[in-house]
*Asks:* 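Dropping the structure in here first, questions after.
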Amino acid sequence: MTTRARTVTVTWPEANARRLARQSLSEDTDRSPGPVSSSPAEAVASMLGAHAQVLSAAELSVGLRAEGLTRTDVRTALWTDRTLVKTFGPRGTVHLLPADDLPLWTGALSAVPTGTSPFPKDARMTPDQVEAVVAAVSDALTGAELTIDELSAEVVARTGPWAGDPVMPGFQDMWPRWRQVLHLAGHRGALCYAPNRGRKATYTNPGHVPLPGQEALATLVQRFLYAYGPATPAHFARWLAASRGWAGKLFDTLAGDGTIEEVAFEDCGTAWVTAGDTDFPSAPARGVRLLPYFDAFTVASYPRERLFPGAAYERALAGGQAGNFPVLLVDGTVAGVWHQRRSGKRIAVTVEPLSVLDAAQIRALEEQVERVGAVLEGRPALTVGKVTVGAHA
């Protein structure tokens, strides 16, 4: 009879402390192996993409993970140095991704099954039409930077009038049919954002060749587990907005070839880490942090009930969806929300803790607000509840 190897048991405090440390969000980044971020690209890689639907929130997410970075550094990395790329990432939403990792991302994301179209039958596209549009987008954007209207004209000219049929509801308007696969073109590596032309977004072809799908998916799972493990196939599926059944089969394959390793994870039962990556810090997370809208840590950390305990689950989530509120972390868990209002250089930061902060936590919060101000290149003024704690003229 074969004796099964003893499974490592991981507690929530251990997992949470390691996740924070690996994203340079811990007071003590020496708790866990892994480099401290020193550039925008390294910071973005550590969190597996920065959600950038609101670019200022992405700039803050990146800046808070690397000492001394500002929003100008992030913009320079994106538009001048091109070490970052703005494109469609996990869940089909706009993200900043490291340029060097784009072949990995496009290879993996293009291999995720798309599922059933959410659009009405008369608005859908056939598989052949999808392929024709992606090819047209790739051709039109090669060596060019086009606005959405310019790109639309090129796609219709290359495919046919059907692509321009206004059948997609969008922001009190009807968009042309082809736009339902705009994010898919990004996932296939045919499209990414270029610098704005005035107030208009533009797109270009990044010119990267995607890695083979299964190879890229295996690497993406390993990176996800390194950053957010232990995790289950359901956690990975939710992060990608993919099928749980598909994710389960993917994990089974990777477990079978020894790429990932099973552990026992508190509140989740069986979960997974990258093979051999079973060292966890013994001390729980400590410190105070402010994280912006849709910060990757709050979106990808599971189980969500442990990161958002008690009243935080009601106050800081929208129907169970993370990211709709900037959050206050105290000792690694969500302990309130916050918001900012900018007027010129002055940034008014209001923090709403769910319980009373002690004097040490207030001092740490003041330091965090100073850091937010430094990243956003402004002068911060902090208010906790209705009491002004500190201000800068």
Side-chain angles (χ1 to χ4, degrees), residues 41-42 44-49 82-116 125-142 181-193 203-229 231-261 272-277 296 300:
E42 287 182 357
V44 171
S46 75
M47 67 178 107
L48 285 191
R82 302 297 177 97
T83 55
L84 293 178
V85 176
K86 182 181 176 183
T87 188
F88 293 93
R91 303 175 299 284
T93 54
V94 179
H95 276 68
L96 301 184
L97 302 174
D100 287 347
D101 289 344
L102 196 58
L104 165 66
W105 279 100
T106 54
L109 293 174
S110 61
V112 177
T114 55
T116 304
M125 296 166 58
T126 67
D128 287 344
Q129 288 175 329
V130 169
E131 296 304 318
V133 166
V134 172
V137 168
S138 179
D139 290 344
L141 293 177
T142 298
V181 296
L182 184 70
H183 73 283
L184 181 61
H187 286 175
R188 298 274 192 89
L191 167 152
C192 70
Y193 283 80
Y203 303 89
T204 190
N205 187 325
H208 292 255
V209 177
L211 290 176
Q214 293 309 304
E215 172 190 339
L217 280 171
T219 302
L220 186 62
V221 169
Q222 289 176 286
R223 292 194 182 185
F224 178 79
L225 294 178
Y226 182 86
Y228 299 107
T232 67
H235 296 157
F236 183 71
R238 189 172 183 183
W239 175 68
L240 278 182
S243 159
R244 289 190 177 191
W246 167 82
K249 292 177 181 178
L250 175 61
F251 273 54
D252 285 344
T253 298
L254 297 176
D257 65 20
T259 299
I260 62 177
E261 177 179 343
W272 301 89
V273 295
T274 298
D277 188 28

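Positions are given from 1, in the same order as the sequence printed here.
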*Asks:* Residues in side chain to side chain contact (heavy atoms under 4.5 Å, CB included) with T253, at least two apart?
*Replies:*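 None.
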*Asks:* Who passes side chain to side chain donor-acceptor pair (under 3.5 Å) against T83, sequence neighbours left out?
*Replies:*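 Residues passing side chain to side chain donor-acceptor pair (under 3.5 Å) with T83: none at all.
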*Asks:* With a 4.5 Å limit on heavy-atom distance, are the side chains of D277 and Y226 in contact?
*Replies:*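 Yes, their side chains come closer than 4.5 Å.
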*Asks:* Using the test side chain to side chain donor-acceptor pair (under 3.5 Å), find all partners of H187 that sit at least two apart in sequence or belong to another chain.
*Replies:*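 With sequence neighbours excluded, H187 shows a side chain to side chain donor-acceptor pair (under 3.5 Å) to no residue whatsoever.
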*Asks:* Just distance, no hydrogens or angles: give the donor-acceptor pairs under 3.5 Å from side chains in residues 135-142, sequence neighbours left out.
*Replies:*
| from | atom 1 | to | atom 2 | distance (Å) |
| --- | --- | --- | --- | --- |
| S138 | OG | N205 | ND2 | 3.1 |
| T142 | OG1 | S138 | O | 2.6 |
| T142 | OG1 | N205 | ND2 | 3.3 |

*Asks:* On a heavy-atom basis, which atom in A227 and which in S46 lie closest, and how many Å separate them?
*Replies:*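 Residues A227 and S46, closest heavy atoms: CB-O, 3.8 Å.
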*Asks:* Who passes salt bridge (charged side-chain N to carboxylate O under 4.0 Å, His left out) against R238, sequence neighbours left out?
*Replies:*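 So R238 forms no salt bridge (charged side-chain N to carboxylate O under 4.0 Å, His left out) with any residue.
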*Asks:* By side chain to side chain contact (heavy atoms under 4.5 Å, CB included), which residues pair with P210, not counting sequence neighbours?
*Replies:*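 Checked P210 against side chain to side chain contact (heavy atoms under 4.5 Å, CB included); matches are T106.
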*Asks:* Any sub-3.5 Å donor-acceptor pair from T204's side-chain atoms to P206's backbone N or O?
*Replies:*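 No, T204 side chain to P206 backbone: no donor-acceptor pair under 3.5 Å.
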*Asks:* Determine, stepwise, if the pair W246 / V112 fulfils side-chain contact (heavy atoms from CB on, under 4.5 Å).
*Replies:* CA-CA 9 Å; W246 167 82; V112 177; 3.9 Å; yes
*Asks:* Mind checking what makes side chain to side chain donor-acceptor pair (under 3.5 Å) contact with D257, not counting sequence neighbours?
*Replies:*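 D257 satisfies side chain to side chain donor-acceptor pair (under 3.5 Å) with T259 once adjacent residues are dropped.
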*Asks:* Run V94 and Y193 through side-chain contact (heavy atoms from CB on, under 4.5 Å) and show every step you take.
*Replies:* CA-CA 9 Å; V94 179; Y193 283 80; 3.6 Å; yes
*Asks:* Would R188 and E131 satisfy side-chain contact (heavy atoms from CB on, under 4.5 Å), going step by step from the backbone distance to the final call?
*Replies:* CA-CA 10 Å; R188 298 274 192 89; E131 296 304 318; 2.9 Å; yes
*Asks:* List in chain and number order the residues that pass side chain to side chain contact (heavy atoms under 4.5 Å, CB included) with T126, two or more places apart in sequence or in another chain; answer none if no residue qualifies.
*Replies:*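 With sequence neighbours excluded, T126 shows a side chain to side chain contact (heavy atoms under 4.5 Å, CB included) to D128, Q129, given in chain and number order.
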*Asks:* Can you list everything that forms a side chain to side chain donor-acceptor pair (under 3.5 Å) with T232? Sequence neighbours excluded, please.
*Replies:*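 Side chain to side chain donor-acceptor pair (under 3.5 Å) list for T232, sorted by chain: H235.
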*Asks:* Treating T87 as the side-chain partner and L191 as the backbone partner, does any N or O pair qualify as donor plus acceptor under 3.5 Å?
*Replies:*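 Yes, the answer is positive, given that a donor and an acceptor are paired below the 3.5 Å cut-off.
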*Asks:* Do you know the tightest heavy-atom contact between A247 and A237?
*Replies:*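 Closest approach of A247 to A237: CB-CB, 3.8 Å.
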*Asks:* Could you name each residue pair satisfying salt bridge (Lys or Arg N to Asp or Glu O under 4.0 Å) that touches residues 93-107, not counting sequence neighbours?
*Replies:*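 Every salt bridge (Lys or Arg N to Asp or Glu O under 4.0 Å) pair that includes a residue of residues 93-107, provided the two are not neighbours, is D101-R223.
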*Asks:* Using atom types as modelled and distance alone, determine if a side-chain donor or acceptor of E261 lies under 3.5 Å from a backbone N or O of G276.
*Replies:*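 It does hold such a pair.
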*Asks:* For A275 and G258, which heavy atoms make the closest approach, and how far apart are they?
*Replies:*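 Heavy atoms only, the tightest pair is CB-O, 3.2 Å.
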*Asks:* Give the minimum heavy-atom separation between V44 and L97, together with the two atoms involved.
*Replies:*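 The answer is CG1-CA, 3.9 Å.
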*Asks:* Determine whether F88 and C192 make a side-chain contact, defined as any pair of heavy atoms from C-beta on separated by less than 4.5 Å.
*Replies:*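 F88 does not reach C192 side chain to side chain.
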*Asks:* Would you call V85 and L96 a side-chain contact if the rule is heavy atoms closer than 4.5 Å?
*Replies:*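 Side chain of V85 against side chain of L96, heavy atoms only: no contact under 4.5 Å found.
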*Asks:* Quick one: closest heavy-atom pair of W105 and P90, and the distance?
*Replies:*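 Smallest heavy-atom distance, with atoms named: CZ3-CG, 3.6 Å.
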*Asks:* Extract all donor-acceptor atom pairs below 3.5 Å that involve side chains of residues 212-220 and protein atoms in other chains or at least two apart in sequence.
*Replies:*
| from | atom 1 | to | atom 2 | distance (Å) |
| --- | --- | --- | --- | --- |
| T219 | OG1 | E215 | O | 3.2 |

*Asks:* Before giving the answer on side-chain contact (heavy atoms from CB on, under 4.5 Å), spell out for L109 and L184 the whole-Å C-alpha distance, their side-chain angles and the decisive distance to 0.1 Å.
*Replies:* CA-CA 9 Å; L109 293 174; L184 181 61; over 6 Å; no
*Asks:* Which heavy-atom pair separates A296 from G49 by the least distance, and what is that distance?
*Replies:*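 The answer is CB-O, 3.6 Å.
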*Asks:* According to the ring pair (Phe, Tyr, Trp, His ring centres under 6.0 Å) rule, which pairs have a member within residues 204-225, sequence neighbours left out?
*Replies:*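 Passing the test, one end in residues 204-225: F224-Y228, F224-F236, F224-W239.
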*Asks:* Would the number of heavy atoms belonging to other residues, nucleotides or ligands and lying under 6.0 Å from CZ of R82 be above 12?
*Replies:*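 More than 12 heavy atoms, drawn from other residues, nucleotides or ligands, come within 6.0 Å of this atom.
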